Every structure is written in structure tokens, then in C-alpha cells.
2 protein chains.
Amino acid sequence: MNKVSKTSNFSTYHIFFRNLANPLKIRIISALEEKESSVSDLTYQLKVEQSKISHALALLKKCNIVKSEKKGKERIYSLNKKTIIPLLKMIDEHSKSFCNCKECRGCGK
Amino acid sequence: MNKVSKTSNFSTYHIFFRNLANPLKIRIISALEEKESSVSDLTYQLKVEQSKISHALALLKKCNIVKSEKKGKERIYSLNKKTIIPLLKMIDEHSKSFCNCKECRGCGK
DNA sequence: TATTCATATGAAAAGTATTTCATAGGTATT
DNA sequence: AATACCTATGAAATACTTTTCATATGAATA
């Protein structure tokens, strides 16, 4: 394995990026960027069924994109901003540098 | 849509991160980090069927992770290092900060 | 221009991830 | 301790991605 993967490995990348390749999880990340929320908060804000939110959060937590803490019967989720915000900004920059036409979103045309 | 997504959008993230959530595409990225290569080079280096490589490269190109130029009947692919190298390094850092046990690769335990 | 080499592409099959739905496990409240 | 509320979880169904395989396109060469 070469440079980029010395310290990490393919599975790590896979489990991490899978989350970011999913629109619902990105919506959750966006919501948590604004303010930490409980599962039911997210359910209400995003108008998405509770178990979808829970399943998604479980995967996000697995690679530490979010963390949670108990608060009574609720569970408050918050974004691990340190990595994720700069990372998404990088992609924003990246795609701004290239084509962003409606059809393809980054075709390079 | 909120902060992170002002300049980008869910589709952009999706198409971009989908690539990085795929082991073969990560292998291709790793190979191209070392040196630019033609499709048949990659086919040989990675011991992977040609059409798999081509399909993968097409998706990587779609969001400008790689670019290509013609050279006779070959097509030389190279990595758009500016974004991708720092980005992968960020994930390496991120997962180093957390658990990295064999079973879960980032469970937070 | 026929042939060969390199790459791309379409579509069905195979593989993988998410969604759905029913239900279970905690915690607070009565 | 019964009930209500909040969240998690398992498994089947659905949706999505990648792989496979056959073939097409395009460039070089004999």
C-alpha cells in the first residue's frame, strides 16, 4: 500500500465515506452543524421517520462523525465538527473550481 | 440549506464521496498517487479487469478526482492531487484520533 | 483498408446499502 | 407497577452500485 494509505486503510475510508455519500446522512450532518439535537428533534426537523434517523446516526457514530450523550430518555447527538466541516468545505471548493452545470454537477465541461 | 451546503449540494457530495467509499477506486487513487498511468497500466498493476478500471475511472473523472489526456491510442490518467491528497490525509488523522481496533475500525470504544 | 491494440460503453447479473415495519429496551411519570 | 415516551434494533423488502461480459469506437500499423 502506498503513501496515502500508510496510516489508514481501505476499510476505514470505506466506512467513513459511505456516510458522506448518503443524502440523508448529509442532511443530518447539516442539521447538526446548526445545533445539536435529539433523535426526535431530527425526526421533526427533517420530516423523516424515526428509525431511519436512528439507523443513520448509528453509522455516523461508528466512524465518529457524530457523538451522543444521554439526557433523560432522550439522546442528544452532536457533530464532531473538527474533521467534518473542513472536509465538506474542501469539496465545496473543489467543485467550485470545476463545472457545476445542472445536469452533471461536475462534468468538467 | 445551511452553512456547509451553501455553495455545494447534496448531489455533489454524493457523487464525490461515492467514489471514495469504493475500495477499487481508492486503489486506483493510490496507484495514481505514485504515478500517472494508462488504463492498461492500471489493469496490470492492480490485476483487475480492464472494463472495471474503465468504469471506475469514468466515475472518478466525473467529479474531477482524476483527469485524462490522450497519448496515441492510450489514455493517460492522473490524479487531481490538490483536493484528494489533503482530504485522505484528513481522514487518516481523524481515524487516528479515535479507536482503530480490528473489528470495528472506528467504534469510539 | 484490414488488422491489432487500447479504451469505452450498455445492459443484465451480482453485490451492497438503505428503508420499512414491527418490536424491544430504557427512562420518566402517574 | 403500569403507562407513556424516546430511541435502538433485526430482518425482509427495496433501492442503488458495481461487476461482468459482449461489443463498439478510435487510433496506429502492416
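Proteins get letters first, then strands, A, B, ... in listed order; numbering begins at 1 in each. No experiment lies behind these values; they were computed from the predicted model shown.
Within the nucleic acid shown, A:L59 comes within 4.0 Å of sugar-phosphate atoms alone, with no base atom in reach, counting heavy atoms only. Contact annotation for A:K71: no contact, since no heavy-atom pair falls under 4.0 Å across all strands. Nucleic acid contact for B:S54: base, since at least one base atom lies under 4.0 Å from a heavy atom of the residue.
If you measure from atom CZ of A:R27 to atom P of C:dT19, you get 10 Å, rounded to the nearest angstrom. The separation between B:F17 atom CZ and C:dA17 atom P is 17 Å, rounded to whole Å. Rounded to an integer number of Å, the gap from CD1 of A:I28 to P of C:dT18 is 11 Å.
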Stepwise, does the side chain to side chain contact (heavy atoms under 4.5 Å, CB included) test hold for B:V66 with B:I84? CA-CA 9 Å; B:V66 304; B:I84 202 70; over 6 Å; no
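Contact annotation: A:H14 side-chain N/O to C:dA17 OP1/OP2 distance is under 4.0 Å. Residue A:N22 has no polar side-chain atom (N or O) positioned under 4.0 Å from OP1 or OP2 of C:dA17.
Contact footprint of chain B on DNA chain D: nucleotides with an atom under 4.0 Å from a non-hydrogen protein atom, first to last in 5' to 3' order, D:dT17 to D:dA28.
The 12-atom threshold is not exceeded at NZ of A:K71, counting heavy atoms of other residues, nucleotides or ligands nearer than 6.0 Å. Enclosure of atom NZ in B:K67 by more than 12 non-hydrogen atoms of other residues, nucleotides or ligands within 6.0 angstrom is indicated.
Counting only heavy atoms from C-beta outward, the side chains of A:L20 and A:I91 never approach each other to under 4.5 Å. Residues B:F16 and B:N64 are not in side-chain contact: their nearest non-hydrogen atoms beyond the backbone lie 4.5 Å or more apart.
Residues B:T43 and A:H55 each lie close to DNA chain C; by heavy-atom proximity, the contact nearer the 5' end of the strand is made by B:T43. Nearer to the 5' terminus of DNA chain C, by closest-nucleotide assignment, is the contact made by B:I53 (compared with the other of B:I53 and A:G72).
Here the closest non-hydrogen pair linking A:K81 and A:E33 is NZ-O, 3.1 Å. Scanning all heavy atoms of the two residues, the minimum distance from B:Y77 to B:K61 falls at CE2-CD, 4.5 Å. Nearest heavy atoms, B:I15 versus B:C63: O-SG, 4.0 Å.
Residue B:L46 is grouped with residue B:L88 when hydrophobic side chains (ILVMFWY) are merged at heavy-atom distances under 4.5 angstrom, including chains of intermediate members.
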Using nucleotides 22-26 of chain C, report all nitrogen or oxygen pairs with the protein that are shorter than 3.5 Å.
none

